[in-house]
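Input: a single structure, listed below in structure tokens.
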Amino acid sequence: MTKTLSMRRTIYRRIAAVVLASIIGVSLLFTALLYREIVNQVHDDVRSRDQLIAGIADQTDDRDVLATLGHLAATSSTYRITLIAADGTPLFDSQAKVATMGNHANRPEFIAARASGTGQATRFSATIGKETYYYAKLLRDGRVLRVAETTSTIYGMWLRQLPWVGGVLVVVLLISLVVTRRLTRSLIRPITEGDTGDRTNIYEELAPFLAEREEADKLRRQFSANVSHELKTPLTSIVGRAELLENGLVKPDDVKAFGASIRTEGQRLLELIEDVMRISQLDEDSRPRLQPFQASGVIAEVFKSLADKAQRARVQLVASDDELELYADRNMMFELLYNLVDNAIKYNRTDGTGKVTIRTWPGDEWSETGPGAGPVIEVIDTGIGIPDSDQERVFERFYRVDHSRSKETGGTGLGLSIVKHLAAQQGAEVELESEPDVGTTVRIKF
């Protein structure tokens, strides 16, 4: 329930953030496009107005030009009309007294008009947040007629419209949040129903995931139960023998045997804990460190580590003389082979043999990717073998073919499960062939 609520909040916040960003982005884009359209229209109007007034001025007698401009200015109050002499001196201005105006010879629009016939410029006023567009045209007598119009900048336009835009944004945002909340609930509902076991309305794509999760949960529960059982057995034995020793109920001649039994059970408990910790690490999908190395070197190290145990069990360890390079995790391969060779010793017969062979396996006989060749390592023993009915289950955690034999040899039931995990993480397959009273072969294919 907590995870579902957290998922709902995450989806809701992300959708709401996307909606809010989209609304703001669209508003800014619309404002920019509108502003560009307004500016273009203003520039066209100013140019048309200037051309019209210039045409009238060219056809008007010099004595009547100022009066004509005054009349035109009165009917076009939104435009600023300026007449400038050839030397840059203002002669007429519809919005200012020419006596107070400075020389305009350095104005870019005036310079351009004198040079090419027309000129234009835009000047921005940070104080009032507006910009003015100027368009100038050279008259026949050398004077320059300039028309200008002041408009708000895009920022000024935005600020003026902010109350209206803000109101619309708030309304749209509230509607979007309500829709988003309902959409989030509809998206989460199938997942929630899947969590509660109701599969009628779940997403089809979630079905394999939910099935896999249920299987993983089932395996975890079984694993926890098995661990509790496996830990309880040696602990009960240790506690029982310790109480007998503590209360003096053990004959002096049996004290040594009791101590040895406690040590054996303690060692078994320690091995079990180590195997449980290792398989938990493998469940976390630790990344293998792949590197090239010679398989014979790892096999020799494994044989050296298990030499004393093999000698006590009177099992001969043999390795083939072949040389083969593996591209795998060397530490994982040592652990994998150690478990297999250890099993070949534990479940062998007296004067039996444990053999490790390395060779290249024809890829077209087993690979799903087509013809090729891959390294194969086989661990072969001449031991008690595994019945057909148990061969498919020996890689399950804590599964033992013969519990009494496993207890006698110290087996935890996790060795082959660890082998399977180690092989899978390195992209290898595990095969098992066995015959009771003949022996077992475990094959690792890369």
So do Ile299 and Val341 actually touch side chain to side chain, heavy atoms under 4.5 Å?
no
Is there side-chain contact between Met332 and Arg289, with at least one heavy-atom pair below 4.5 Å?
no
In short, Pro387 meets Pro436 closest at the heavy-atom pair CA-CG, 3.9 Å
Could you pull out all donor-acceptor pairs under 3.5 Å where a side-chain atom in residues 105-120 meets a protein atom, sequence neighbours excluded?
{"residue": "Glu109", "atom": "OE1", "partner": "Arg123", "partner atom": "NH1", "Å": "3.1"}
{"residue": "Glu109", "atom": "OE2", "partner": "Arg123", "partner atom": "NH2", "Å": "3.0"}
{"residue": "Glu109", "atom": "OE2", "partner": "Arg146", "partner atom": "NH1", "Å": "2.8"}
{"residue": "Arg114", "atom": "NH1", "partner": "Gly142", "partner atom": "O", "Å": "2.7"}
{"residue": "Ser116", "atom": "OG", "partner": "Ala112", "partner atom": "O", "Å": "2.9"}
{"residue": "Ser116", "atom": "OG", "partner": "Thr118", "partner atom": "O", "Å": "3.1"}
{"residue": "Gln120", "atom": "OE1", "partner": "Tyr133", "partner atom": "OH", "Å": "2.3"}

Keeping Arg80 on the side-chain end and Tyr134 on the backbone end, is there a donor-acceptor pair under 3.5 Å?
no
Rounded to the nearest 0.5 Å, the CD atom of Glu131 sits from the OG1 atom of Thr150 at a distance of 9.5 Å
Give a yes or no on whether the backbone of Thr353 and the side-chain of Thr382 come within a donor-acceptor separation of less than 3.5 Å.
yes
Is Ser261 reaching over with its side chain to a backbone N or O of Ala257, donor-acceptor style, under 3.5 angstrom?
no
Please determine whether a side-chain nitrogen of the Lys or Arg among Asp45 and Arg49 lies less than 4.0 Å from a carboxylate oxygen of the Asp or Glu.
no
Check for a donor-acceptor pair, side chain of Asp381 on one end and backbone N or O of Ile345 on the other, with a separation under 3.5 Å.
no
Could you measure the distance from the CD1 atom of Ile377 to the OG atom of Ser320? Nearest 0.5 Å is fine.
9.5 Å
How many angstroms lie between atom CD of Gln51 and atom CG of Leu145, to the nearest 0.5 angstrom?
9.5 Å
Heavy-atom donor-acceptor pair, Asp342 side chain to Tyr338 backbone, under 3.5 Å:
no
Atom of Val144, atom of Ala136 and distance for their closest heavy-atom approach
CG1-CB, 3.6 Å
Is it true that atom CD of Glu37 has more than 12 heavy atoms of other residues, nucleotides or ligands lying nearer than 6.0 Å?
no
Do NZ/NE/NH1/NH2 and the carboxylate oxygens of Asp44 and Arg47 come within less than 4.0 Å?
yes
In Å and rounded to the nearest 0.5 Å, what is the CG to NZ distance from Leu52 to Lys137?
12.0 Å
Minimum heavy-atom separation for Tyr327 and Pro292, please, with both atom names.
CD1-N, 3.6 Å
Nearest 0.5 Å please: distance from the CG atom of Asp50 over to the CD atom of Glu149.
12.5 Å
For the CD atom on Gln95, are there more than 12 heavy atoms of other groups (residues, nucleotides or ligands in this structure) within a distance under 6.0 Å?
yes
Could you tell me if Ser296 and Glu323 have a donor-acceptor pair between their side chains, going purely by distance under 3.5 Å?
yes
Can you find a pair of side-chain heavy atoms, one from Tyr79 and one from Ile53, that are under 4.5 Å apart?
no
Does the side chain of Leu416 come within less than 4.5 Å of Leu340's, by heavy atoms?
yes
Heavy-atom pair of closest approach, residues Gly354 and Asn348
N-ND2, 4.1 Å
Contact summary for Lys420 and Val430, nearest pair of heavy atoms:
CA-CG2, 4.3 Å
Taking side chain to side chain contact (heavy atoms under 4.5 Å, CB included) as the test, write out the residues that go with Ser434, two or more places apart.
Ile386, Gln391, Leu432, Thr440
Close side-chain approach of Val442 to Asn343, heavy-atom, < 4.5 Å
no
Check this for me, if you would: do Asp351 and Arg314 make a salt bridge, where the nitrogen-to-carboxylate-oxygen distance has to be below 4.0 angstrom?
yes
Take a 6.0 Å sphere around CD of Gln311 and say whether it holds more than 12 heavy atoms from other residues, nucleotides or ligands.
no
Among Glu378, Glu429, Glu431, whose side chain to side chain donor-acceptor pair (under 3.5 Å) with Lys445 holds?
Glu431
Within the structure provided, determine whether Gln426 and Leu326 are in side-chain contact (heavy-atom separation under 4.5 Å).
no
Any donor and acceptor pair, going by atom type alone, linking the side chain of Asn247 with main-chain N or O of Glu243 inside 3.5 Å?
yes
Does any non-hydrogen side-chain atom of Pro375 lie less than 4.5 Å from one of Ile358?
no
Which heavy-atom pair separates Ile262 from Leu245 by the least distance, and what is that distance?
CD1-CD1, 3.8 Å
What is the distance from atom CG of Asp322 to atom CD of Gln294, rounded to the nearest 0.5 Å?
11.5 Å
